[in-house]
Amino acid sequence: MAKLPLLQRPQHPPPEHLLRLALSCRKITAQVTEPVKESIIAMASSSEQEFVTDYRAKLNQLPRSHHFWGPKIASRIGEKLGIRLKQIGVGAVKIDLHEELSRHLHYRKMGIDPALSDVLPHARRRICCRHLFANMKAKYKLTNERLKQSFWIAAYVYIEFEFVQAMPAIRKMNPNLCHELMDIPLHLWARHKFDPTMKNDAVTSNFVEAFNSKLEKLRDKPILTMLEDLRRRFMAKIEKREPSPTSGMVCFVLDQLSL
């Protein structure tokens with residue numbers, strides 16, 4: 001009896017990983033995601049330690065530069081990403097040009113905001129009032145010190161009645177600025193409208209930027225290594241602020257011994 005040939009299943013090529021870009025005037029980030037879970041498996045960014053010297057040079061130059069990366073840095077980021085993909089055995093990578101070109105301009109230029117909306121849709125966010133006023137000052141060429149004081153009063157107060165009293169002063173000095181501020185949702189910048197479930201009443205991002213500066217030399221490290229380094233820094237800072245009881249005992253004994 002003749003044997004029937006076995007039917008072979010068609011071999012489908014493995015799904016390709018997708019390359020996405022996040023662009024801003026200060027930074028370019030290239031990341032590769034898995035085809036199914038869409039989790040990031042490798043990335044490279046112009047904020048890594050290799051590019052810090054060039055970034056600082058452009059940051060301090062006069063007149064101020066509006067772009068902190070160019071084709072040379074973008075090419076180097078592509079090379080670094082290729083090396084990291086090779087290390088983890090990923091070779092098939094594609095880029096959806098239609099998606100990149102059709103993506104909203106705000107998404108392509110401000111990658112972090114839409115990313116937070118996608119990953120943490122229920123997260124509460126705010127606008128840094130220091131940056132907000134700096135943008136308004138440049139836009140309207142503000143020089144009035146009283147206007148600046150009125151803005152900060154409106155941003156800082158906890159009571160809506162005091163906020164309502166501060167806004168007419170801004171409207172009197174610059175109506176356009178007042179209208180633009182009122183067009184921004186108040187819960188993003190006015191303290192009296194902050195969500196009470198968030199146990200933080202800061203109206204600036206100073207503490208975030210301070211924390212971000214501490215990550216400057218840790219950005220290109222593996223996540224566990226970075227977290228361990230941060231843990232050690234936090235412990236050292238806590239110890240410096242609040243010395244342990246034993247250190248006080250040692251100092252007391254030395255003081256009694258007049259040493």
Side-chain angles (χ1 to χ4, degrees), residues 21-29 45-47 51 54-70 73-74 100-118 120 123-195 198 200-213:
L21 300 177
L23 311 177
S24 71
C25 61
R26 289 178 174 265
K27 185 173 69 172
I28 174 175
T29 302
S45 172
S46 59
S47 61
F51 309 105
D54 183 74
Y55 176 83
R56 286 178 175 172
K58 292 183 178 179
L59 185 65
N60 297 326
Q61 72 180 10
L62 293 174
R64 298 293 185 185
S65 176
H66 296 287
H67 296 280
F68 292 82
W69 58 272
I73 293 180
E100 293 292 332
L101 296 178
S102 62
R103 195 180 302 164
H104 195 273
L105 182 64
H106 178 73
Y107 188 95
R108 289 191 283 116
K109 288 195 172 183
M110 302 293 291
I112 188 64
D113 188 63
L116 285 174
S117 300
D118 293 341
L120 301 171
R124 307 295 193 272
R125 284 174 287 164
R126 298 175 187 166
I127 296 175
C128 175
C129 288
R130 183 171 64 86
H131 291 94
L132 176 61
F133 185 79
N135 293 336
M136 298 294 181
K137 182 178 180 180
K139 182 177 181 180
Y140 295 106
K141 297 180 174 58
L142 304 177
T143 57
N144 192 335
E145 191 66 24
R146 288 181 58 194
L147 180 60
K148 179 180 179 180
Q149 294 175 358
S150 299
F151 168 79
W152 282 111
I153 291 174
Y156 271 123
V157 294
Y158 289 92
I159 304 173
E160 186 175 3
F161 176 75
E162 296 179 357
F163 173 82
V164 172
Q165 284 187 322
M167 292 307 292
I170 300 177
R171 184 180 297 108
K172 183 178 180 180
M173 289 180 279
N174 195 314
N176 294 329
L177 173 62
C178 182
H179 291 322
E180 187 164 350
L181 287 175
M182 295 303 295
D183 288 339
I184 303 173
L186 294 181
H187 69 273
L188 295 179
W189 67 277
R191 180 180 278 171
H192 76 282
K193 285 291 186 180
F194 284 174
D195 185 354
M198 295 179 62
N200 188 315
D201 61 354
V203 297
T204 64
S205 59
N206 293 346
F207 70 97
V208 179
E209 294 178 8
F211 177 76
N212 193 37
S213 65

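Just so it is clear, the values below take in all heavy atoms, side chains as well, and ignore hydrogens, waters and symmetry mates.
With sequence neighbours excluded, the residues forming a side-chain hydrogen bond (donor to acceptor under 3.5 Å, both in side chains) with Arg124 are Asp195, listed by chain and number. For Lys139, the salt bridge (Lys or Arg N to Asp or Glu O under 4.0 Å) partners at least two apart in sequence or on another chain are Glu180. Glu160 is linked by a salt bridge (Lys or Arg N to Asp or Glu O under 4.0 Å) to nothing, counting only residues two or more places apart in sequence or in another chain. With sequence neighbours excluded, no residue forms a salt bridge (Lys or Arg N to Asp or Glu O under 4.0 Å) with Arg146. For the side-chain hydrogen bond (donor to acceptor under 3.5 Å, both in side chains) test, residues two or more places apart in sequence or in another chain that qualify with Arg191 are Tyr158. Every side-chain contact (heavy atoms from CB on, under 4.5 Å) that Pro168 has, sequence neighbours left out, goes to Arg171. Taking the side-chain hydrogen bond (donor to acceptor under 3.5 Å, both in side chains) definition, one finds that Ser46 meets it with nothing, sequence neighbours left out. With sequence neighbours excluded, no residue satisfies salt bridge (Lys or Arg N to Asp or Glu O under 4.0 Å) with Glu162. Shown here are the ring pair (Phe, Tyr, Trp, His ring centres under 6.0 Å) partners of Tyr156, two or more places apart in sequence or in another chain: Trp152. In this structure, Asn200 has no side-chain hydrogen bond (donor to acceptor under 3.5 Å, both in side chains) partners at least two apart in sequence or on a different chain. Here Gln165 pairs with Phe161 under the side-chain contact (heavy atoms from CB on, under 4.5 Å) rule; sequence neighbours left out. For the side-chain contact (heavy atoms from CB on, under 4.5 Å) test, residues two or more places apart in sequence or in another chain that qualify with Ala169 are Ser150, Met173.
Separating the SG atom in Cys128 from the CG atom in Leu188 is a distance of 12.5 Å, to the nearest 0.5 Å. Met136 contributes atom CE, which lies 9.5 Å from atom CG of Leu142 (distance to the nearest 0.5 angstrom). Taking CG of Leu177 as the start and CG of Leu181 as the end, the distance is 4.5 Å to the nearest 0.5 Å. Remark: Ser205 OG to Leu132 CG distance equals 11.0 Å, nearest 0.5 Å.
Nearest heavy atom pair, residue Ala190 against residue Phe163, reads CB-CE1, 4.1 Å.
Here the side chains of Asn174 and Asn144 are not in contact, with every heavy-atom distance at 4.5 Å or above. By the 4.5 Å heavy-atom criterion applied to side chains, Trp189 and Phe151 are counted as neighbours.
The closest donor-acceptor contact from the side chain of Arg126 to the backbone of Phe194 lies at 3.5 Å or more, if one exists at all.
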